[in-house]
Amino acid sequence: MPELPEVEYASRVLRRAVVGRRIVRVRVMHRSLEARLPPSAQRRMEGRTVRAVERRGKYQLLHLDDGSVLLAHFRMTGDWSIGRVRESDAPYARAVLELDDGTRVTLADSRALATLTLVDDVSAALPVLGPEPDDASFTPQTLAALLSRRRGAIKPVLLDQRVVAGLGNIYAAEALWTARISPRVTAHSLGPARLARLVRAIHQVLRRAPAARYSAARSGSRWNVYDREGLPCRRCGHGVRRIVQAGRSTFYCPFCQKR
DNA sequence: GGTCGCCTGGTA
DNA sequence: TACCAGGCGACC
């Protein structure tokens, strides 16, 4: 999935295409999606007008005019493809919204892990999410409070959406590199100075993230540590290491990211 | 906390 | 052929 900057960009693309438009037809072309968005929900969406599009963490919320909300989550490989109803389906099309102006919004998702759910009560349906990284409430102090009882390594903790909403595997690694903090440090052991660096680093890596998809450029050249195993650290030249934490790859510089 | 499963595709 | 992948929820 895309992480926060990509989802933010996708939600803007979606907003431009759908707000004020009426959904005339819904199609679901993949079994696992069909289970989450059954024909009854598809029928219910047809004829509804999209009032607004919001983003919360990596979720996109399409507010419909009957009060229901379509929750979209891209997981690893989802994305919107905006086209016209008369065109042939986009590659990896898993679901389609056809709009009254002839626009076709496609959920394109090679791995088919993305989810669409129609809900009446968003707060009941959404998991608890931490602050948005750009929210004023995301500070070294509030982060310290959230980490105070976390005895695990900081990197997997940063992926916990209850701590901060929207960070994923790439930008968690990038932020720790920027803050010169080892991904293996126990979360609650970080003091005020390092927490301040971490908050600043999270802001910085997200702000500098390109809006479009990762695939737009080659990996290894666009990040400071992510996907750079064995390559020299861009800061100190020491070899970047890859370890596995909570089943996910972590890339870091064992020399200049301190424990 | 860690591990697995969900799905499918790209790459070594 | 095997391993890896931007996420996350269920399970121990």
Side-chain angles (χ1 to χ4, degrees), chain A residues 1-11 28-37 55-60 71-80 89-95 107-117 124-130 133 146-177 183-189 202 205-206 208-231 241-251:
Chain A
M1 157 258 113
E3 302 184 35
L4 193 145
E6 294 80 20
V7 178
E8 173 62 24
Y9 176 75
S11 70
V28 171
M29 304 94 122
H30 194 282
R31 266 209 337 213
S32 58
L33 256 190
E34 180 95 11
R36 290 183 159 272
L37 195 71
R55 181 191 59 75
R56 182 74 178 96
K58 299 172 195 170
Y59 289 86
Q60 295 171 75
L71 286 180
H73 195 299
F74 285 164
R75 296 289 180 100
M76 304 280 260
T77 52
D79 201 1
W80 302 122
D89 279 331
Y92 308 117
R94 307 305 188 194
L107 173 63
D109 180 23
S110 61
R111 283 178 74 179
L113 294 173
T115 59
L116 294 176
T117 325
L126 272 189
V128 173
L129 295 171
L146 282 163
L147 299 187
S148 64
R149 286 187 317 237
R150 304 294 294 258
R151 310 189 66 86
I154 184 64
K155 156 64 163 42
V157 169
L158 287 179
L159 296 183
D160 185 337
Q161 301 296 295
R162 295 171 297 185
V163 172
V164 50
L167 217 55
N169 201 38
I170 294 178
Y171 296 129
E174 292 293 302
L176 288 168
W177 182 88
R184 309 168 68 173
V185 172
T186 304
H188 77 263
S189 75
I202 289 170
V205 300
L206 293 176
R208 292 186 182 170
R213 304 289 304 207
Y214 305 123
S215 54
R218 298 257 289 287
S219 71
S221 59
R222 72 182 309 164
W223 297 297
N224 286 312
V225 275
Y226 182 79
D227 203 22
R228 287 178 55 82
E229 182 179 17
L231 295 175
R241 259 179 74 188
R242 173 184 177 271
I243 59 174
V244 174
Q245 295 178 296
R248 318 283 312 272
S249 283
T250 297
F251 299 87

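Heavy-atom basis, side chains included; hydrogens, waters and symmetry copies ignored. In the text below, chain A, chain B and the rest are named by the order of the sequence lines, each starting its count at 1.
Within 4.0 Å (heavy atoms only), A/Ser32 reaches sugar-phosphate atoms of the nucleic acid but no base atom.
For A/Ala246, the side-chain atoms get nearest to B/dT3 when compared with the rest of C/dA5, B/dT3, B/dC7. Taking every side-chain heavy atom of A/Pro156 into account, B/dG2 is the closest of B/dT8, B/dG2, C/dA5. Nearest to the side-chain atoms of A/His30 among the listed nucleotides B/dG1, B/dC7, C/dA5 stands B/dC7. Of the candidate nucleotides C/dC8, B/dT8, B/dG1, B/dG1 has the atom lying nearest to any side-chain atom of A/Arg150. Comparing C/dG7, B/dG1, B/dT8 by their nearest atom to the side chain of A/Met76 picks out C/dG7.
Listed pair A/Gln161 / C/dC8 meets the phosphate criterion, a side-chain N or O lying under 4.0 Å from OP1 or OP2. Contact annotation: A/Ser249 side-chain N/O to C/dA5 OP1/OP2 distance is under 4.0 Å. Not one side-chain nitrogen or oxygen of A/Arg248 sits closer than 4.0 Å to the OP1 or OP2 atom of C/dA5. The phosphate of C/dG9 has neither OP1 nor OP2 within less than 4.0 Å of any side-chain N or O from A/His73.
In summary, the side chains of A/Thr250 and A/Gln245 do present a donor paired with an acceptor at a separation below 3.5 Å, with no hydrogens or angles considered. With no hydrogens or angles considered, a side-chain donor-acceptor pair links A/Arg242 and A/Ser249 at under 3.5 Å.
A/His188 is linked by a side-chain hydrogen bond (donor to acceptor under 3.5 Å, both in side chains) to nothing, counting only residues two or more places apart in sequence or in another chain.
One atom, CG of A/Asp79, and another, P of B/dT8, lie 19 Å apart when rounded to the nearest Å. When rounded to the nearest whole Å, the span between CZ of A/Arg111 and C1' of B/dG10 equals 11 Å. Rounded to whole angstrom, the span from the CD1 atom of A/Ile243 across to the C1' atom of C/dC4 amounts to 17 Å. A/Leu159 places its CG atom 14 Å from the C1' atom of B/dG2, with the value rounded to the nearest Å. Atom CG of A/Asp109 and atom P of C/dA5 are 18 Å apart (whole Å). Rounded to whole angstrom, the span from the CD atom of A/Glu34 across to the C1' atom of B/dC6 amounts to 17 Å. We find that OH of A/Tyr59 is positioned 5 Å from P of C/dG9, with the value rounded to whole Å. Atom CG in A/Leu113 sits roughly 5 Å away from atom C1' in B/dC7 (whole-Å rounding).
Comparing the P positions of C/dC3 and B/dT3 gives an interatomic distance of 16 Å, to the nearest angstrom. Rounded to the nearest Å, the gap between the P atom of B/dC7 and that of C/dC11 is 16 Å.
Under the 4.5 Å side-chain criterion, counting only non-hydrogen atoms from C-beta, A/Leu158 is not in contact with A/Tyr171. With a 4.5 Å cut-off on side-chain heavy atoms, A/Leu167 and A/Leu4 do not count as touching. Using a 4.5 Å cut-off on side-chain heavy atoms (C-beta onward), A/Arg111 and A/Met76 make contact.
Listed by first residue number, the stems of DNA chain B with at least three Watson-Crick or G-U pairs below 3.5 Å are B:1-6 with C:7-12, B:8-12 with C:1-5.
For A/Gly166 against A/Gln161, the heavy-atom pair with the smallest separation is N-OE1, 2.8 Å. Considering all non-hydrogen atoms of both residues, A/Arg36 and A/Thr115 come closest at NE-CG2, 3.2 Å.
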